[in-house]
Amino acid sequence: MSAKRKTAAREIFALGAEAVVEGALLAGCSFYGGYPITPSSEIMEGMAERLPRTEDGVFIQMEDEIASLGACIGASLAGRKVMTATSGPGFSLMQELIGYACMIEAPLVLVNVMRGGPSTGLPTSPAQGDVQQARWGTHGDHSIIVLSATDVQDCLHMTVKAFNFAEKYRTPVILLLDEVTAHTREKITVPLAQDLEILYRLQPSMPPEWYKPFEETVRGVPPMPPLGSGYRFHVTGLTHDDHGYPTQKPDEVVAAISRQFRKIDQFFFDIQITDEFLTGDAEVGVVAYGSVARSAHLAVEQARERGIKAGLIDLKTLFPFPRAAVEGLLRRCRTVIVPEMNMGQISREVKRVNPGTSTVWTINRVDGHIITPKQILESIRKG
Amino acid sequence: MAEVTQLIHEYLRHDKKFPHVLCPGCGHGILLGSLIRSVHALGIPKDDVALVAGIGCSGRVAVYVDFNTVHAVHGRALTVATGIKMAKPDMHVIVVQGDGDALSIGGNHFIHAARRNIGLTVLVLNNFIYGMTGGQCSSATPLGCWSTTTPYGQMEKSFDFVEMTRAAGANFVSRGTVFHVKTLDKLVRQALVHPGFSLVEVLTPCHTQFGRKNKFKSPVDMYQWLKKAAMPLEAYEKLDPDKRAGRIPIGVFVDNHEPALETRYAAMRAKLAKG
C-alpha cells in the first residue's frame with residue numbers, strides 16, 4: 001500500500017461530483033450509504049468505486065433515501081465519518097432522519113445536488129429551490145449547518161469543510177450544490193491530506209463510569225466515542241437528559257435544546273464563511289452562492305470596467321446565515337442584488353438583516369436555466 | 001428464581017430508568033429477559049452488543065438494558081442497524097421492533113434487510129396492534145378483529161411475517177411466543193449466533209389495547225390462548241390441513257447458511273486489496 005501512496009498534490013480534470021468524492025476521501029470519509037438520483041448519482045458511483053479500495057471503507061446502496069440516511073447515522077454512531085448524496089425528492093424523504101441526527105448529535109455530511117422542483121420537477125436542470133428546506137425541512141426547532149460551493153475546486157474544499165464542521169460540532173452538515181456545479185468539468189488540484197486541516201470528533205478522556213454522552217461542556221459539544229468501545233450509553237430521538245435517557249422535565253428539556261443551539265451559535269465566527277470580492281468601496285452589492293456566484297463574479301468585474309463600484313459576497317455558508325458580512329454590505333451599498341435560481345429564498349434572509357440602509361433587489365429564475373452574467377450586470381447598472 | 005433475578009439485574013441499567021413504561025400483563029419484558037439470558041449464556045460481552053429499537057412499546061425496551069442502545073425513529077431501526085453492522089461487523093447487532101414498526105411503516109426496510117442477508121438478529125414483538133398510540137390496527141391485526149381504527153372489524157388480511165421473511169431470502173426464520181419461554185430462549189440463542197439475517201417473531205399479548213377489546217377477559221386469558229394456539233412446527237406439519245385453523249406453528253422455519261452480506265463484502269475487499 002505505502003508504495004502506491006501519493007506523494008504530491010495532483011491535477012485532475014473532474015466533475016463537481018467527482019471533486020466531492022475526492023474531498024470526502026481526503027476528509028476521511030469511510031462510509032457511504034446512498035440511493036441513486038439525478039443529478040447526484042455521480043457522487044454515489046464515485047464512492048462505490050473508491051471506498052471498497054480504501055483501508056476500511058464501506059459502500060452500501062440502500063433501498064431508498066430514508067434507509068440511506070439511516071445507515072449513515074448507524075455508521076456514524078459506530079465511529080465512522082459518513083456521507084450520503086441526493087437531490088430534491090430524496091432530500092424530502094430524508095427530512096425526518098435529519099432531525100434525528102440533530103437530536104442525537106450524529107456527525108454526517110449530506111450533499112444535495114439541487115434540481116428544479118417541486119416534486120419530480122426538472123431532474124436534469126439546475127435550481128436552488130431547497131435552500132430554506134435545508135434550514136427548516138425537518139420538524140421542530142433545531143440548529144444546522146448548510147454550506148454551498150461555487151465551482152469544482154470549491155466542491156472539494158467545501159466537502160472537506162463539511163466533514164470538519166460535522167465532526168467538530170457533532171451535527172449533520174448539508175452541502176447544497178446545484179446541477180451546474182456538480183456537472184461542470186474543470187481542472188482542479190487534489191491536495192494531499194497532510195496539507196489540509198482534517199478534524200475528528202472529540203473522544204472522551206474520562207473512564208466510562210464518569211462519561212455522560214450529552215453532558216454540557218464549554219464548547220457545548222460532548223465527546224462521542226464509537227459504539228462498542230466500552231462507553232455504553234443510550235441514544236434516542238426523544239428529548240433526553242445528559243445521560244441520554246428520555247425526559248420531560250422542563251429544566252432538562254430546556255438545557256438539552258438550548259445546548260444544541262448554543263454549540264453552533266457561539267461559533268458563528270468559525271462557521272460563517274463568505275468570499276468577498278471588491279466589497280470594500282462597493283456602492284452596488286451582490287449576494288450570491290453556488291453557480292450563480294460565478295456569474296455574479298463576472299458581472300461585478302464587467303461593472304467595474306464600466307466604472308460602477310460593484311462588489312460581491314459569495315456565501316459559502318448559507319446557514320447559520322452570515323449576518324455580519326451581509327449586514328456590512330447592506331450598510332455600505334445603496335442597492336444589494338440577490339440573484340438566485342428560485343423564487344427568492346436567500347433574499348428573504350438578506351431582507352431580514354437589512355438595517356434599512358439599502359434597497360434589496362432580487363433576480364429570480366426557475367426555468368431550469370442559469371442566471372447569466374449579463375442578467376446580473378443589467379441589474380447592477382440600474383442599481 | 002433468585003439467581004434468575006440476579007442475572008437480569010446484572011444487565012439492567014440502574015441509574016435512572018425505572019419504573020418502566022410497560023403495562024401489567026405485557027409480554028415485552030419476557031422477551032427482554034430471554035434476550036438477557038441468551039446473551040449471558042453465549043458469553044457475549046455487553047460492549048459487543050448494539051441493541052437498536054424502533055418506535056412504540058417495543059422501542060422502549062432498549063433503554064432498560066446495559067448494552068450500546070439506540071432508540072431509532074419509527075420503522076427505520078433496521079436501516080440504522082445496517083449502518084452499525086457494516087461499520088462494525090464484529091458487533092452483535094440486535095434489533096427489537098413491533099409489528100407496526102417492522103412491517104407496516106418499516107416493511108420496505110425489513111424486506112431488503114432480509115434480502116441482503118445482513119447479519120442482524122431481529123426480534124419482532126408481534127402483539128397484533130399499535131399499543132403505545134392507543135390500539136390502532138397494524139399489518140398484523142387478524143381479520144375481523146376490533147381496533148380503534150377498525151371499529152367495525154379489520155377487513156384486511158394480516159401479514160405472515162415468517163413466510164414474508166422466508167420469501168425475502170433470510171438465513172434464519174423462526175417464531176416463538178412469550179408463553180413458551182424455554183423455546184423462546186432457544187430460538188433467541190440460535191438467532192444470535194446464526195450468520196446472516198435472523199428473525200424471531202415473538203407473539204406477545206397486549207391486553208391493554210388488543211385483548212380487552214377482542215374478547216379476552218384478562219391478560220391471563222391471552223397467555224392461555226397463546227398456550228393453546230401455538231404448537232411445534234413439526235407437529236403442525238403432521239396435522240390434517242383441515243385441523244390447522246386457529247393453530248400457530250412455532251419453531252425454526254428456515255435454517256440456511258448462505259454467507260452474510262458483511263462476509264461477502266469482506267471477501268470483495270480482500271480480493272481488491274490483492275489487486
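Below, read A as the first sequence line, B as the second, and so on, with proteins coming before strands; counting in each chain starts at 1.
- Side-chain contact check for L238(A) versus R60(B): some heavy-atom pair is nearer than 4.5 Å.
- Proximity of E63(A) to I111(B): side-chain heavy atoms (C-beta onward) are nowhere separated by under 4.5 Å.
- Between Y245(A) and R13(B), the shortest heavy-atom contact is OH-CD, 2.9 Å.
- Within the 4.5 angstrom heavy-atom criterion, only side-chain atoms of H243(A), from C-beta onward, approach chain B.
- Between chain A and the residues I84(B), V93(B), T69(B), the most heavy-atom pairs under 4.5 angstrom are made by T69(B).
- Using a distance-only test at 3.5 Å, with no hydrogens or angles considered, a donor-acceptor pair links the side chain of R269(B) to the main chain of E55(A).
- Between the R80(A) side chain and the A87(B) main chain, a donor and an acceptor come within less than 3.5 Å of each other.
- When the heavy atoms of residues 94-106 of chain A are compared with those of chain B, the residues falling under 4.5 Å are E96(A), L97(A), Y100(A), listed by number.
- Contacts of L227(A) with chain B are made by both backbone and side-chain atoms, with heavy-atom separations under 4.5 Å.
- Between the CG atom of L69(A) and the CZ atom of R76(B) there is a distance of 11.0 Å, given to the nearest 0.5 Å.
- Within the 4.5 Å cutoff, no side-chain heavy atoms of V49(B) are placed close to those of R232(A).
- Within 6.0 Å of atom NE2 in H139(A), 12 or fewer heavy atoms from other residues, nucleotides or ligands are found, so the atom counts as exposed in its surroundings.
- The parts of P246(A) that come within reach of chain B are both its backbone and its side chain, each placing non-hydrogen atoms under 4.5 angstrom from that chain.
- Within the 4.5 angstrom heavy-atom criterion, only side-chain atoms of F31(A), from C-beta onward, approach chain B.
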Requested in this report: Start with the C-alpha gap between V63(B) and T236(A), add the side-chain angles, then the distance that decides, and say whether side chain to side chain contact (heavy atoms under 4.5 Å, CB included) holds.
Outcome: CA-CA 9 Å; V63(B) 73; T236(A) 176; over 6 Å; no

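- In this structure, the portions of F59(A) lying under 4.5 Å from any heavy atom of chain B include both its backbone and its side chain.
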